[in-house]
Amino acid sequence: MQIATPYLMFLGDVPDALAAKTAYGIKDWRPEWCIGQMRLPGCQADLGIPDLTLPEALAKGCRTLVVGVVNAGGVLPDHWVKEIVAAIEAGFDVASGLHVRLGAVPAIAEAATKRGSKLHDVRHSNETFPTGKGTRRAGRRLLTVGTDCSVGKKYTTLALEKGMRARGLDADFRATGQTGVFISGKGVAIDAVVADFISGAVETISPETAPHHWDLIEGQGSLYHPSFAGVSLGLLHGAQPDAFVVCHEPTRTTMRGVSHPLPTIREVIDLTVQLGRLTNPDIRPVGIAVNTQALAEDEARALLDGLAAEYGLPATDPVRFGVEALVDRIVADFPEA
């Protein structure tokens with residue numbers, strides 16, 4: 001899948017920034033591709049880049065309209081369809097990470113056929129995957145796991161790739177969600193894979209490698225989230241991680257989109273080890289990554305210091321304070337790697 005750049009980011013009228021996390025992720029990690037944003041009245045997300053009309057975006061060289069939003073069920077709201085059709089008619093390709101296929105919407109399919117525009121459904125792969133086997137394979141792997149969805153697993157994994165490479169380690173980000181695929185140019189959206197093949201898909205994108213190579217596998221959902229635990233478990237078994245980092249957002253009391261209480265970091269560590277031992281008996285935690293955006297700096301540092309003391313693991317906000325402590329722990333725990 002080759003998506004033409006640069007991008008015009010379409011945010012629709014989403015109610016908050018988390019609902020546009022795909023767009024934020026692309027802008028944060030590929031800012032040179034994100035020329036402008038297109039928002040509808042009532043939109044509560046803002047990437048901090050210019051608001052552009054379709055003609056303005058074309059004049060600045062934008063080639064693809066990216067539907068940079070997420071929502072429950074991955075649906076395309078009816079009132080967005082005319083905006084996407086207008087973009088196609090203006091000469092844009094369109095890329096989306098939603099569950100619904102762009103070509104399944106008659107008006108969009110008709111416009112794309114007439115104009116000759118490309119439609120990219122990043123969440124959907126044309127590849128077929130085997131069932132997972134759970135056989136130990138060479139190479140090192142790290143998985144990010146969470147107390148909830150949307151707590152920073154992708155950002156932590158990408159930050160670790162950058163930090164580990166800076167230390168001379170052989171490490172590669174492995175995308176398992178639509179935003180990660182937009183950022184890396186490859187991978188598979190695991191939540192769109194048929195359930196029987198989730199672990200096999202992860203084995204496919206993180207195959208046997210050189211003994212000292214690290215595959216850094218983007219986590220999804222949470223083992224405790226009633227909506228997404230099935231995906232998280234298949235991902236854990238397929239990743240066969242030697243190490244994992246727990247990602248957490250400290251201000252939440254319930255998990256996103258449901259009324260269930262947020263699990264503790266200890267509960268996530270214990271369950272991840274218990275279930276992860278099925279495919280890697282040596283699985284271990286190597287750190288805690290906390291999204292402290294809602295906290296003042298002194299509050300954030302106090303929280304991280306407390307977590308580090310409580311769990312005996314390095315704790316950091318990868319975006320705010322970096323991942324040096326996490327990389328130190330990985331090097332210490334896996335000196336041969």
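Hydrophobic clustering, with ILVMFWY side chains joined whenever heavy atoms are under 4.5 angstrom apart, groups L40 together with L54. Both V245 and L169 belong to a common hydrophobic cluster when Ile, Leu, Val, Met, Phe, Trp and Tyr are linked at side-chain heavy-atom distances under 4.5 angstrom. No path of Ile, Leu, Val, Met, Phe, Trp and Tyr side chains, each step under 4.5 Å between heavy atoms, connects V151 with L307, placing them in separate hydrophobic clusters. Note on L271: it clusters hydrophobically with I198, by side-chain heavy-atom contacts below 4.5 Å among ILVMFWY residues. Cluster annotation: I265 and L236 are assigned to the same hydrophobic cluster (Ile/Leu/Val/Met/Phe/Trp/Tyr, side-chain heavy-atom contacts under 4.5 Å, transitive).
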For R140 and D215, what are the C-alpha separation, side-chain angles and deciding distance, and is it a salt bridge (charged side-chain N to carboxylate O under 4.0 Å, His left out)?
-> CA-CA 6 Å; R140 292 294 187 187; D215 272 353; over 6 Å; no

L119 vs I108, side-chain contact (heavy atoms from CB on, under 4.5 Å): CA-CA, chis, key distance, verdict | CA-CA 9 Å; L119 302 178; I108 293 176; 4.0 Å; yes

Could you go step by step and tell me if E161 and R165 meet the salt bridge (charged side-chain N to carboxylate O under 4.0 Å, His left out) rule?
-> CA-CA 6 Å; E161 179 191 53; R165 286 180 172 181; 3.2 Å; yes

Verdict with supporting geometry, I3 and T5, side-chain contact (heavy atoms from CB on, under 4.5 Å) | CA-CA 6 Å; I3 303 173; T5 59; 5.6 Å; no

Assess whether side-chain contact (heavy atoms from CB on, under 4.5 Å) is satisfied between L8 and I35, documenting all intermediate values.
-> CA-CA 6 Å; L8 173 63; I35 302 302; over 6 Å; no

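With salt bridges taken as basic N to acidic carboxylate O contacts below 4.0 Å, one links R123 and D191. Using a cut-off of 4.0 Å between Lys/Arg side-chain N and Asp/Glu carboxylate O, D328 and R167 are scored as salt-bridged. One finds a salt bridge joining E297 and R301 here, because a Lys/Arg side-chain nitrogen approaches an Asp/Glu carboxylate oxygen to under 4.0 Å. In this structure, K60 does not pair ionically with E56, as no charged nitrogen and carboxylate oxygen lie closer than 4.0 Å.
Annotation for L65 and F92: closest pair N-CD2, 3.9 Å, computed over non-hydrogen atoms. Scanning both residues, G103 and D121, for their nearest heavy atoms gives N-OD2, 4.4 Å. Shown here for T272 and I283, the closest heavy-atom pair between the two residues is O-CD1, 3.9 Å. Closest of all the heavy-atom pairs between P250 and L303 is CB-CD2, 3.6 Å. The minimum heavy-atom distance between V273 and P285, with the atom names listed, is CG2-CD, 4.4 Å. Nearest heavy-atom pair across A20 and V14 is CB-CG2, 4.1 Å.
Side chains of T144 and F244 form no contact here, defined as non-hydrogen atoms less than 4.5 Å apart. The closest side-chain heavy-atom distance from H225 to H260 is not below 4.5 Å. The closest side-chain heavy-atom distance from P318 to Y155 is not below 4.5 Å. In this structure the side chain of V94 never reaches within 4.5 angstrom of the side chain of T64, judged on heavy atoms. Considering only heavy atoms from C-beta on, I330 comes within 4.5 Å of L142 through its side chain. Side-chain atoms of L76 and V105, non-hydrogen and from C-beta on, do get closer than 4.5 Å to each other. Contact annotation: the side chain of L235 approaches that of I217 to within less than 4.5 Å [non-hydrogen atoms, C-beta and beyond]. Using a 4.5 Å heavy-atom threshold, the side chains of V188 and T204 count as separate.
More than 12 heavy atoms of other shown residues, nucleotides or ligands fall within 6.0 angstrom of atom CD in E208. Shown here is E267, whose CD atom has more than 12 heavy atoms of other residues, nucleotides or ligands within 6.0 Å. Other residues, nucleotides and ligands contribute at most 12 non-hydrogen atoms within 6.0 Å of the CG atom of D78.
For the atom pair CD1 of I183 and CD of Q178, the computed distance is 10.0 Å after rounding to the nearest 0.5 Å. Between atom CG of residue L304 and atom CZ of residue F321 there is a gap of 6.0 Å, rounded to the nearest 0.5 Å. Rounding to the nearest 0.5 Å places OG of S222 at 6.0 Å from CE of M255. Note that CD1 of I288 is 7.5 Å distant from CD of E310, once rounded to the nearest 0.5 Å. L52 CG to M9 CE: the interatomic distance, rounded to the nearest 0.5 Å, is 12.5 Å. Distance check: T147 OG1 to L223 CG gives 11.0 Å after rounding to the nearest 0.5 Å.
Under the 3.5 Å distance criterion, with hydrogens and angles disregarded, no donor-acceptor pair is assigned to the side chains of T157 and E218. Side-chain contact of K21 with S150: a donor-acceptor pair under 3.5 Å is present, judged by distance alone. The closest side-chain donor-acceptor pair between N280 and D242 falls under 3.5 angstrom. Side-chain atoms of R174 and S206 include no donor-acceptor pair closer than 3.5 Å. If you check the side chains of H237 and T279, you find no donor sitting under 3.5 Å from an acceptor. A side-chain N or O of H79 and one of D13 form a donor-acceptor pair less than 3.5 Å apart. A donor-acceptor contact closer than 3.5 angstrom links the side chains of T251 and E249. Residues T156 and K154 have side chains that never bring a donor and an acceptor to within less than 3.5 angstrom of each other. Checked by atom type, the side-chain pair Q37/D51 shows a donor-acceptor distance below 3.5 Å.
Of the possible polar contacts, one joining the R320 side chain to the T292 backbone as a donor-acceptor pair under 3.5 Å is found. No side-chain donor-acceptor contact under 3.5 Å links Y7 to the backbone of R63. Put simply, the side chain of H124 gets close to the backbone of H99: a donor and an acceptor are under 3.5 Å apart. Under a 3.5 Å cut-off, the side chain of S96 and the backbone N or O of V67 do not form any donor-acceptor pair. Checking side-chain atoms of Q240 against main-chain N and O of R141 turns up no donor-acceptor pair under 3.5 Å. K118 contributes no side-chain N or O that, together with a main-chain N or O of A4, makes up a donor-acceptor pair within less than 3.5 Å. The closest donor-acceptor contact from the side chain of R329 to the backbone of P314 lies at 3.5 Å or more, if one exists at all. Under a 3.5 Å cut-off, the side chain of Y24 and the backbone N or O of D46 do form a donor-acceptor pair. A donor-acceptor pair under 3.5 Å is formed between the side chain of E299 and the backbone N or O of A296. Of the possible donor and acceptor atoms, none in the side chain of T176 sits under 3.5 Å from a partner among the backbone N and O of I190.
Geometrically, R284 engages F334 in a cation-pi contact defined by less than 6.0 Å to the ring centre and at most 45° from the axis.
Taking the six-membered ring wherever Trp is involved, the centroid distance between the rings of F182 and W33 does not fall below 6.0 Å.
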